[in-house]
Amino acid sequence: MWRYMWRTTPVHRWEMTGSSAEDSPPELPEEAELDAVQPAGDGHGPLFHRVYRTSIRGAQISAEQLMRQITADLDVLAPSEMAKFQKVHGEEGEMRVGDEYVVRMPGPWDGPVRVVSVTADAFRLVTLEDHLEAGQIEFRVHATPRSIEFVIESWARSGDRLSSLLYGHLRAAKEVQLHMWTSVITRVVELARGRMHGGIRVVTRRVEEDDDSRSPHRGSRSRLAGLHGREVNFDASRSKEYTREAGWHVDDMSAELPGEPSGDPVEGGSWQTACRLIDDYQLADPGTVRAAFDHDAPLEGRDMLLEIRFLVLRIGVGVRVGTPYDEVRVVDGRRARVFGWSYRTLEGHFEMGEMHYEVWKWLDDGDVEFRLRAYSHSAASGPLWLRLGFRLLGRRQQLEFYRNVCRRARRLTESQLELADVRTREAGS
């Protein structure tokens, strides 16, 4: 607890909504022994697909030497105050498929695992019966001209209902796990005799247990269906009247995204990745705003039920997506490819307004950016206490939401590109 409270290593945490199609664990290799295995399908609660990564600059050893040190004695990674990696099956001094370890932790937290894959730059473990989790975890290194990239990627559900309660609801186990793996990454940097660059980045994609998380939860479906008959409470044709002088909030923010070569957007590049993120409404922090909508419905005219979270309050409001656009614009003689869409507030919302999400690529130099543009005003109708609360407290929360959307646009685009790059390298090896 002392180490956790006084940790100074910067950890950047980002959460997203995942899907079974994109976030299911990889198939176990044919040579893997399957007796006593506890795969993710045997677990309880949501599936968490998580990627921890850092960059190591100035390392005194190569990526392959670093991995050899780790696989020779997995316990060199263990944060001494909270865990020990004990080998219980297999020869000491090396790691082979079929070797087994137990992660010893204080309390009833011991976790048996088995090695299912080993290469020169990676190894993967699967959980065994009686582990607190059910799933797989992989450790990888990759050398770049400037750094060694170290990645831990896991696909796991809680091993039983009690663990699911501790992890998903009370969040105690989640923080213990975070401290565990970030401490391991810190040890890896020390082993490489280098320095950490950019802190530790952690991206979590959550897939719900009872349904594909791309579909609305059962409790949201009826409320989502109830939005269809509501009218928009914002008249976009009068946008020139919506000025700060007239009492409206007018906001325009942007974030620089990873660049591309000049010319049309690159297949699978920064522009396309960011477009997919906004199309799937991933830029809102799920701890602040969660959206329920039908992903199979066309984007144009899509109704979305937004659950706004403030302290202990859960406030459901409706918005409707307008016509999406994908066009080339000319600004000061420069051409830019722009994809975007907006949503407008519906009756019953404590606000009336419109918000645009856009991804721009400047075709002359390849710069890519995310832009957020919004008009808002407290609504003239709807629950009085909500409208009053928005007038008193909403502006600060609103601006923080906008800033966080811009931060997530950059970080999630970077993370998705990094993960895609890893997948490409793995496919080619």
Side-chain angles (χ1 to χ4, degrees), residues 15-19 45-46 168-169 171 206-236 249 251 277-322 341-357 372 374-405 408:
E15 295 192 8
M16 304 172 61
T17 300
S19 68
H169 298 281
R171 302 179 69 89
R206 174 179 175 136
V207 182
E208 296 298 335
E209 175 184 24
D210 59 347
D211 199 358
D212 189 330
S213 58
R214 295 175 60 87
S215 301
H217 295 177
R218 288 191 294 267
S220 301
R221 289 172 188 160
S222 60
R223 290 189 295 162
L224 179 60
L227 299 179
H228 297 334
R230 296 190 188 182
E231 297 293 330
V232 171
N233 68 359
F234 174 82
D235 185 358
H249 298 305
D251 298 292
L277 288 171
I278 66 170
D279 182 51
D280 209 27
Y281 199 70
Q282 294 281 13
L283 300 190
D285 183 352
T288 304
V289 176
R290 294 197 178 188
F293 56 94
D294 183 0
H295 286 256
D296 294 327
L299 179 59
E300 183 173 2
R302 173 193 290 171
D303 285 335
M304 301 173 63
L305 177 68
L306 305 183
E307 183 186 73
I308 298 175
R309 301 180 167 209
F310 178 69
L311 300 177
V312 298
L313 299 178
R314 301 292 184 267
I315 304 167
V317 295
V319 297
R320 182 167 297 143
V321 177
W341 54 270
S342 66
Y343 60 62
R344 299 168 188 166
T345 52
L346 299 179
E347 294 174 342
H349 201 301
F350 54 83
E351 286 184 78
M352 53 183 178
E354 180 180 49
M355 184 182 303
H356 286 258
Y357 295 89
L372 180 153
Y375 303 91
S376 64
H377 194 287
S378 59
S381 61
L384 177 62
W385 71 275
L386 283 178
R387 290 186 284 129
L388 181 60
F390 176 68
R391 285 179 179 272
L392 294 176
L393 304 172
R395 182 57 176 166
R396 179 178 178 181
Q397 299 300 319
Q398 185 182 57
L399 290 174
E400 179 55 31
F401 172 75
Y402 293 163
R403 287 189 287 265
N404 198 36
V405 164
R408 286 174 63 86

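Quick note: numbers below take in every heavy atom, side chains included, and nothing from hydrogens, waters or symmetry partners. Quantities reported herein were computed from a predicted structural model and do not represent experimental measurements.
Checked by atom type, the side-chain pair His349/Asn233 shows no donor-acceptor distance below 3.5 Å. Gln398 and Ser376 share a side-chain donor-acceptor pair at under 3.5 Å.
Judged purely by atom type and a 3.5 angstrom limit, Arg309 has no side-chain atom pairing as donor or acceptor with the backbone of Arg290. A donor-acceptor pair under 3.5 Å is absent between the side-chain atoms of Asp280 and the main chain of Gln282, judged by distance alone. For the pair Ser342 (side chain) and Glu354 (backbone), a donor-acceptor distance under 3.5 Å is absent. Looking at Arg408, its side chain does come within 3.5 Å of a backbone N or O of Glu15 through a donor-acceptor pair.
Taking the side chain as every heavy atom from C-beta outward, Tyr357 and Val405 approach each other to under 4.5 Å. Taking the side chain as every heavy atom from C-beta outward, Met355 and Phe401 approach each other to under 4.5 Å. Between Val321 and Met304 there is a side-chain heavy-atom pair separated by less than 4.5 Å. Between Arg395 and His249 the shortest side-chain heavy-atom distance falls below 4.5 Å. Here the side chains of Thr17 and Arg206 are not in contact, with every heavy-atom distance at 4.5 Å or above. The side-chain heavy atoms of Phe234 and Tyr343, taken from C-beta on, include no pair separated by under 4.5 Å. Counting only heavy atoms from C-beta outward, the side chains of Phe293 and Leu306 never approach each other to under 4.5 Å. Contact annotation: the side chain of Leu299 approaches that of Arg302 to within less than 4.5 Å [non-hydrogen atoms, C-beta and beyond].
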### Task
Just do the side-chain contact (heavy atoms from CB on, under 4.5 Å) check on Thr345 and Val232 with the steps written out, would you?
CA-CA 6 Å; Thr345 52; Val232 171; 5.6 Å; no

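Note that CG of Leu399 is 12.5 Å distant from CG of Asn404, once rounded to the nearest 0.5 Å. The CG atom of Asp251 sits 13.0 Å away from the NE2 atom of His356 when rounded to the nearest 0.5 Å.
Among all heavy-atom pairs drawn from Leu283 and Leu277, the shortest one is CD2-CB, 4.1 Å. Scanning both residues, Asp303 and Leu224, for their nearest heavy atoms gives O-CD1, 3.6 Å.
Enclosure of atom CZ in Arg314 by more than 12 non-hydrogen atoms of other residues, nucleotides or ligands within 6.0 angstrom is indicated.
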